[in-house]
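I have placed the structure first, in the form of C-alpha cells, so that the comments after it can refer back to it.
Positions are given from 1 along the sequence. Whatever order the structure lists ligands and atoms in, that order sets their numbers, starting from 1. As the structure is a prediction and not an experimental result, all values here were calculated from the model.
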Amino acid sequence: MSRQIYFCGSIRGGRQDVDLYGRLVAALRRYGTVLTEFVADPNVTDMGSNEGTATTDREIHDRDVRLLEECDTIVAEVTQPSLGVGYEIGRGIAMGGRRVLCLYRPQPDKRLSAMIRGLPPSKDIQVVDYSADSFEQVLSDFFSAA
Ligand SMILES: O=c1[nH]c(=O)n([C@H]2C[C@H](O)[C@@H](COP(=O)(O)O)O2)cc1CO
C-alpha cells in the first residue's frame, strides 16, 4: 500500500503560504497519497469557507483526527504559526508509529516554537529549515531515509 501522508498547514492561523502548500502537496503526491489536499485549496480561507466533507468545527476536528489515525507520515509546514497544526503534530506523535517532517522557513525577528524545534530528532522525526526553492531535496532525503 502506498504511503498515507497527512499534510498540515495553517488555515485559520493565516493563509499567506497557501500557494507554497499547493506546491508541497503536488510534490508529496510523488511519495504517496495526500489525505489532506484541502489544506492547500486556495478557496479555503482563514475565516473558514468550507473545504469539502466537513462543515462544522466538530466535523472538521473528528475527520482530521480520523485521518491522522489513518496516516503513516505527517508533513507539516510550520512557518505560519497555527494552533491546529501544532495540535496535529502533537497528537500525531502521541499516537506513535508515524514519521513526522516539519518544514520551517527561517525569517528575521521570528523563532520557531521550542515545542517544535525542540522535538528530539531522529530518522523518523525531523524539523528542517528550508526555502521555498529547496524543498524537493528535503523531501527526497526524508523519504529515502524511511
Ligand atoms: O477548516 C479547517 N480544516 C482543517 O482541516 N483544519 C486542520 C488542517 C490544518 O492542518 C490545520 C490548520 O489549523 P488552523 O485553522 O488552526 O490554522 O487544522 C483546520 C481548519 C480550520 O481551523
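- Within the structure, the closest approach of Tyr87 to ligand 1 does not fall below 4.0 Å when heavy atoms are considered.
- Contact check for Asp17 versus Ser10: no side-chain heavy atoms found under the 4.5 Å cut-off.
- The shortest N or O to N or O distance between Gly84 and ligand 1 is under 3.5 Å.
- Counting heavy atoms of neighbouring residues, nucleotides and ligands inside a 6.0 Å radius, atom NZ of Lys123 exceeds 12 of them.
- Close approach of ligand 1 to Gly9 (heavy-atom distance below 4.0 Å) involves ligand atoms 9 (C), 10 (O), 11 (C), 12 (C).
- Between Phe38 and ligand 1, not a single N/O pair is under 3.5 Å apart.
- Residue Ile60 touches ligand 1 through its side chain alone, judged by heavy-atom distances below 4.0 Å.
- Rounding to the nearest 0.5 Å places CG of Asp57 at 11.0 Å from CG of Asp62.
- Heavy-atom proximity to Cys8, at under 4.0 Å, picks out these atoms of ligand 1: 10 (O).
- With hydrogens and angles disregarded, no donor-acceptor distance shorter than 3.5 Å links the side chain of Arg12 to the backbone of Leu83.
- Distances from atom 5 (O) of ligand 1 to the heavy atoms of Ile74, Asp41, Asp64 show the closest one on Asp64.
- Each of the following atoms of ligand 1 lies closer than 4.0 Å to a heavy atom of Ser82: 12 (C), 13 (O), 14 (P), 16 (O), 17 (O).
- What you find for Glu77 and Val85 is that their closest heavy atoms are O-CG1, 4.3 Å.
- One option in Glu59, His61, Arg12, Gln80 has a heavy atom closer to atom 22 (O) of ligand 1 than any other, and that option is Arg12.
- The main-chain N or O of Leu35 is never found under 3.5 Å from a side-chain atom of Glu37 such that the two would form a donor-acceptor pair.
- Aromatic ring pairs are classed by plane angle as parallel below 30°, tilted from 30° to 60° and perpendicular above 60°; the pair Phe143 and Tyr31 is parallel.
- Heavy-atom proximity to Ser10, at under 4.0 Å, picks out these atoms of ligand 1: 17 (O).
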